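What follows is a short report on a single structure.
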Number of protein chains: 2
Amino acid sequence: MDKYQELLSNVIDQNKLPTLNYKAGDVLFHQGIVESKLFWIKSGLVKLVFIQPDGKEFVKAFLAENDLSGSLMSVVFHKPSPYACICIEACEVIAIPYKKIRDWSEKNPQLKDVELQFMQQLTARKEEREYQFLCLTPQQRYETFKVQYPHIFKRISQAELALFLGITPVALCRINARLQALVE
Amino acid sequence: MDKYQELLSNVIDQNKLPTLNYKAGDVLFHQGIVESKLFWIKSGLVKLVFIQPDGKEFVKAFLAENDLSGSLMSVVFHKPSPYACICIEACEVIAIPYKKIRDWSEKNPQLKDVELQFMQQLTARKEEREYQFLCLTPQQRYETFKVQYPHIFKRISQAELALFLGITPVALCRINARLQALVE
DNA sequence: ACGGTGCATTAACTTAGGTTAATTAAGGAT
DNA sequence: ATCCTTAATTAACCTAAGTTAATGCACCGT
């Protein structure tokens with residue numbers, strides 16, 4: 001359990017926050033709504049999705065056990081979240097108002113470093129994704145994902161993965177076929 | 001002048017940091033090297049670039065007056081920077097060791113909030129870029145850039161912009177031709 | 001005026017992803 | 001066992017980007 005998880009545990013204990021249960025398909029928070037709570041995933045798997053006016057869906061991220069879900073835009077800047085958070089599997093989740101974390105952080109100034117550190121890690125992950133979109137082909141992104149996140153790879157549909165990689169499910173299927181052809 | 005710029009000004013005064021002069025083509029920091037200084041651009045324009053082993057170049061960002069350049073990976077995690085910083089125009093720059101900022105922040109705990117805030121803004125910009133790569137076509141990204149950053153658009157070559165958008169200069173030229181055809 | 005140099009443009013051809021729709025495969029429910 | 005649903009695959013066709021190379025254009029220096 002790292003420093004940030006410790007901080008969250010304290011906030012949860014202090015405020016007696018309950019564990020919530022969701023089932024696959026449930027929505028943790030909606031797109032277009034200001035949601036200033038953070039969601040600590042205790043178990044299960046969720047996706048963050050952009051849904052376009054024309055119905056097209058894009059997957060921003062997959063989050064699983066011990067990940068922290070939420071919308072930076074909402075939580076920090078009080079703007080509507082540009083994406084929704086939807087359960088792929090049944091989930092146990094603890095909802096934490098961001099204000100509680102800020103309050104706790106005021107009373108324990110040394111924890112501001114932990115908050116900063118958390119934000120830095122988040123930024124590092126975004127840097128990686130930015131790099132992949134800019135410099136790698138969809139096929140390379142696919143192969144990288146498979147080796148980097150095998151535990152998530154096993155739990156999502158090919159279609160969901162395609163929408164995360166920025167291509168259509170049909171295109172991902174063709175990539176698979178190409179890779180298969182190389183083996184033979 | 002916002003809070004973060006104030007913080008930086010204090011660090012600069014305290015340490016009597018000089019203004020450095022670079023000309024177009026000069027390198028502020030190299031790819032593959034640990035560079036734990038931040039570079040405050042007083043005037044001019046720089047680009048952050050990934051250069052691949054095969055010689056292909058990709059532009060991660062353009063930074064201009066009052067922007068802060070540097071590599072998160074290097075500055076925070078002491079890893080080699082995955083990208084270089086190269087001047088597009090002659091620049092006046094102040095180099096600030098990140099350690100100085102941390103020290104200053106220790107002595108002025110209220111400034112940790114400013115640091116956190118800065119990181120949040122940085123993350124917000126990355127979110128926007130992630131969204132654009134995931135959900136927009138190259139043409140849409142081009143049109144968005146033109147209206148969102150006209151002051152930078154005017155100062156870069158079409159080739160550099162193409163490598164920022166994730167396409168080749170030839171492709172961007174064709175997009176222009178398509179847009180032009182629509183007008184007529 | 002002349003000959004670079006660097007960009008932007010255009011063309012021809014290749015490759016890969018988008019779109020739509022039909023087909024197959026695999027589970028789940030009754 | 002049968003039906004229903006969903007996901008994955010395949011095909012056909014269209015569109016756009018990658019690649020390479022030739023051409024055009026404008027600015028610069030001498």
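Nothing here was measured: the structure is a model prediction, and the numbers come from that model. The sequence lines fix the lettering, A, B, ..., with proteins before strands; numbering per chain opens at 1.
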Mind calculating the distance between [atom1] ([X]) and [atom2] ([N]) to the nearest angstrom?
X: A:Tyr142; N: C:dA16; atom1: OH; atom2: P; answer: 16 Å
X: A:Ile88; N: D:dT6; atom1: CD1; atom2: C1'; answer: 16 Å
X: A:Leu165; N: C:dG18; atom1: CG; atom2: P; answer: 11 Å
X: B:Leu172; N: D:dA17; atom1: CG; atom2: P; answer: 10 Å
X: A:Gln158; N: D:dT6; atom1: CD; atom2: C1'; answer: 14 Å
X: A:Ile175; N: C:dG18; atom1: CD1; atom2: C1'; answer: 13 Å
X: A:Ile156; N: D:dT6; atom1: CD1; atom2: C1'; answer: 17 Å
X: A:Gln180; N: D:dT10; atom1: CD; atom2: P; answer: 10 Å

> What are the residues of residues 51-62 of chain A, sorted by number, that bring a heavy atom to within less than 4.0 Å of DNA chain C?
Replying inline: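 The stretch gives A:Lys56 as the residues lying under 4.0 Å from the strand, ordered by number.
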> For the residue pair B:Phe29 and B:Tyr83, does the interplanar ring angle fall in the parallel (under 30°), tilted (30 to 60°) or perpendicular (over 60°) class?
Replying inline: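 Answer is tilted, since the angle falls between 30° and 60°.
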> Taking the side chain of A:Ala171 as its heavy atoms from C-beta onward, which of C:dG18, C:dT10, D:dT10 lies nearest to it?
Replying inline: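 From the listed options, C:dG18 comes nearest.
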>> Nearest to the side chain of A:Ile167, heavy atoms from C-beta on, is which of D:dA17, C:dG18, C:dC7?
In response: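 In terms of side-chain proximity for A:Ile167, the closest of D:dA17, C:dG18, C:dC7 is C:dG18.
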Is there a donor in the side chain of [X] and an acceptor in the side chain of [Y], or the other way round, less than 3.5 Å apart?
X: B:Glu6; Y: B:Ser9; answer: no
X: A:Thr123; Y: B:Thr123; answer: yes
X: A:Glu92; Y: A:Thr19; answer: no

>> Using the rule ring pair (Phe, Tyr, Trp, His ring centres under 6.0 Å), only one of A:Phe58, A:Phe62, A:Phe50 pairs with A:Phe164; which is it?
In response: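 The option that passes is A:Phe62.
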Check whether any side-chain nitrogen or oxygen of [X] sits under 4.0 Å from OP1 or OP2 of [N], and answer yes or no.
X: B:Arg178; N: D:dA17; result: yes
X: B:Gln139; N: D:dA17; result: no
X: A:Thr168; N: C:dG17; result: no

Produce the list of close N/O pairs, under 3.5 Å, pairing protein atoms with atoms of nucleotides 21-28 of chain C; give distances to one decimal.
none

> Of B:Ala159 and B:Arg174, whose closest DNA chain C nucleotide lies nearer the 5' terminus?
Replying inline: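 The residue closer to the strand's 5' end, by nearest nucleotide, is B:Ala159.
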>> Which residue is it: B:Glu115, B:Gln120, B:Gln117? I am looking for the one with a side-chain contact (heavy atoms from CB on, under 4.5 Å) to A:Met119.
In response: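 For A:Met119, the side-chain contact (heavy atoms from CB on, under 4.5 Å) check succeeds only for B:Gln120.
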> Hey, which of B:Ile167, B:Leu179, B:Thr137 is the one that makes side-chain contact (heavy atoms from CB on, under 4.5 Å) with B:Tyr142?
Replying inline: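 Of all the options given, the one that passes is B:Leu179.
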>> Within a 6.0 Å radius of atom CZ on B:Arg125, are there more than 12 heavy atoms belonging to other residues, nucleotides or ligands?
In response: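 Counting neighbours around CZ of B:Arg125, 12 or fewer heavy atoms of other residues, nucleotides or ligands fall under 6.0 Å, so no.
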> With no hydrogens and no angle check, is any side-chain donor or acceptor of A:Ser43 less than 3.5 Å from a backbone partner on A:Cys91?
Replying inline: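 Judged by distance alone, no pair lies under 3.5 Å.
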